[in-house]
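What follows is one structure encoded as structure tokens, with my remarks underneath.
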Amino acid sequence: ITAYPKGFSMIAGETKLRHKTDTLEAKAVGFNCMNYTPGVQPENTLARHEMPSKEFLDANCKDGIRAELMFPSCWDGKGLTGGPSNKAHVAYPDGVMTGSCPPEFPIRLPGLMFETIWDTGAFKGMAGEFVWSNGDATGYGYHGDFITGWDSSVLQAAVDTCTNMSGRIEDCPIFDIQPRATSEQCFVESGAFAKNGQYAGPLKELPGNSPYASGPEDAKAMAAAPKAVNK
């Protein structure tokens, strides 16, 4: 496996998508219903490719939902970026997370998955629906960006030598890990991104007035974000 070169970037998912497709990229998006009640069988990773309704979440997912996004792990070995879409230089293996790479993308990269847990259970019984910040209520438009700034030689050493199946970063001696107690001292001050609890929810409209688009037609491109102004 070849480590990501420094400056390597890619995008997973398609923000404008609002309907079901049968592509490997669509299968790389998952919404895992979480319920830690004893005896309840946990769902498999990437088993559900659309956002469940709020009614389903209220009834079945008392511990929230885990949004999952798998990135491509096959590289053409040429560019660090992939054209306007930033996807042309990478591809998925035939099993999405595992399997064989297409012949045009022969170099295998480390598997990368974003997982984000949302406490949807805190809104049980409230009216409304869950909508992603890009105006997507379907989940088909879930997406993410990745760029690496790692020292490539350090990352390659980790890929080559850190093979403990535990998956714990602490079991990789290449890394000098900050103690958990120290890392937990880092936090965002209240109000750093929103004033007076304006985004506490439920909201009447999406932050930034993102247009709601429930499909099945693809969403229109969102307007460019306003430029920052220093005062």
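Keep in mind that the numbers below use all heavy atoms, side chains included, and drop hydrogens, waters and symmetry copies. What you are looking at is a predicted structure, and each value in this text was computed from that prediction instead of being measured.
Note that the CE atom of M34 and the SG atom of C61 stand 9.5 Å from one another [nearest 0.5 Å]. A distance of 9.0 Å separates CG of N60 from OG of S53, quoted to the nearest 0.5 Å. The structure places CG of L155 at 6.0 Å from OG1 of T148, a figure rounded to the nearest 0.5 Å. Remark: E115 CD to T45 OG1 distance equals 6.0 Å, nearest 0.5 Å. With rounding to the nearest 0.5 Å, the separation of CD1 in I147 from CD1 in I11 is 10.5 Å. The CZ atom of R108 lies 7.5 Å from the OG1 atom of T98; values are rounded to the nearest 0.5 Å.
For T120, the side chain to side chain contact (heavy atoms under 4.5 Å, CB included) criterion is met by L57, I65, W118, F130, not counting sequence neighbours.
Here the side chain of K27 pairs no donor or acceptor atom with the backbone of T21 at under 3.5 angstrom. Of the possible polar contacts, none joining the E68 side chain to the V29 backbone as a donor-acceptor pair under 3.5 Å is found. A donor-acceptor pair under 3.5 Å is absent between the side-chain atoms of H143 and the main chain of G13, judged by distance alone. In this structure a side-chain-to-backbone donor-acceptor pair under 3.5 Å is present from T161 to A157. The backbone N or O of P110 lies less than 3.5 Å from a partner atom in the side chain of Y4, making a donor-acceptor pair.
Closest approach of K6 and G149 over heavy atoms only: CE-O, 3.7 Å. Taking all atoms of both residues into account, the shortest heavy-atom contact from A3 to L109 is O-CD2, 4.4 Å. Annotation for P72 and A91: closest pair CB-O, 3.3 Å, computed over non-hydrogen atoms. Nearest heavy atoms, L46 versus A28: CD2-O, 3.5 Å. Of all the heavy atoms in K54 and G125, the pair that sits closest is NZ-N, 3.8 Å. V159 and I1 make their closest contact through CG1-O, 3.6 Å (heavy atoms, listed as atom of the first residue, atom of the second, distance).
Side-chain contact check for D145 and S9: no donor-acceptor pair (N or O, by modelled atom type) lies under 3.5 Å. N134 and S210 share no donor-acceptor pair across their side chains, judged by distance under 3.5 Å alone.
Residues I174 and C162 meet the side-chain proximity criterion, which asks for heavy atoms closer than 4.5 Å. Proximity of L112 to M70: side-chain heavy atoms (C-beta onward) are nowhere separated by under 4.5 Å. Under the 4.5 Å side-chain criterion, counting only non-hydrogen atoms from C-beta, E129 is not in contact with F123. Considering only heavy atoms from C-beta on, R168 comes within 4.5 Å of D171 through its side chain. Contact annotation: the side chain of V90 never approaches that of D76 to less than 4.5 Å [non-hydrogen atoms, C-beta and beyond]. You'll find the side chain of P93 stays beyond 4.5 Å of the side chain of S100, heavy atoms only. Using a 4.5 Å heavy-atom threshold, the side chains of C101 and P106 count as separate.
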Open item on the list: Pair W150, Q156 - check side-chain contact (heavy atoms from CB on, under 4.5 Å), show working.
Closed with: CA-CA 10 Å; W150 276 96; Q156 188 64 60; over 6 Å; no
- [ ] Check the pair F71 / S73 against side-chain contact (heavy atoms from CB on, under 4.5 Å), numbers first and verdict last.
- [x] CA-CA 6 Å; F71 280 77; S73 56; over 6 Å; no
- [ ] Apply the test side-chain contact (heavy atoms from CB on, under 4.5 Å) to residues D218 and E14: give CA-CA distance (whole Å), side-chain angles for both, the deciding distance (0.1 Å), then the verdict.
- [x] CA-CA 10 Å; D218 286 348; E14 175 51 63; over 6 Å; no
Open item on the list: I'd like to know whether M113 forms a side-chain contact (heavy atoms from CB on, under 4.5 Å) with L69, so could you lay out the CA-CA distance, the side-chain angles of the two residues, the decisive distance to 0.1 Å, and finally the verdict.
Closed with: CA-CA 5 Å; M113 176 179 281; L69 184 64; 5.8 Å; no
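Under the side chain to side chain donor-acceptor pair (under 3.5 Å) test applied with Y140, the options E50, K20, R18 reduce to a single match, E50.
The distance between the ring centers of F114 and F146 does not fall below 6.0 angstrom. You'll find the ring centres of F31 and H49 outside the 6.0 Å limit. When ring centroids are compared, Y92 and W75 stay outside the 6.0 Å threshold. A distance below 6.0 Å separates the ring centres of Y142 and W132.
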Could you give the side-chain donor-acceptor pairs of residues 37-44 under 3.5 Å, partners two or more places apart or in another chain?
unit_1 : atom_1 : unit_2 : atom_2 : d
T37    : OG1    : N35    : OD1    : 2.6
E43    : OE1    : C33    : N      : 3.0
E43    : OE1    : R48    : NH2    : 3.3
E43    : OE2    : R48    : NH2    : 2.3

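Using a cut-off of 4.0 Å between Lys/Arg side-chain N and Asp/Glu carboxylate O, D136 and K16 are scored as not salt-bridged.
Note on M126: it does not cluster hydrophobically with L206, by side-chain heavy-atom contacts below 4.5 Å among ILVMFWY residues.
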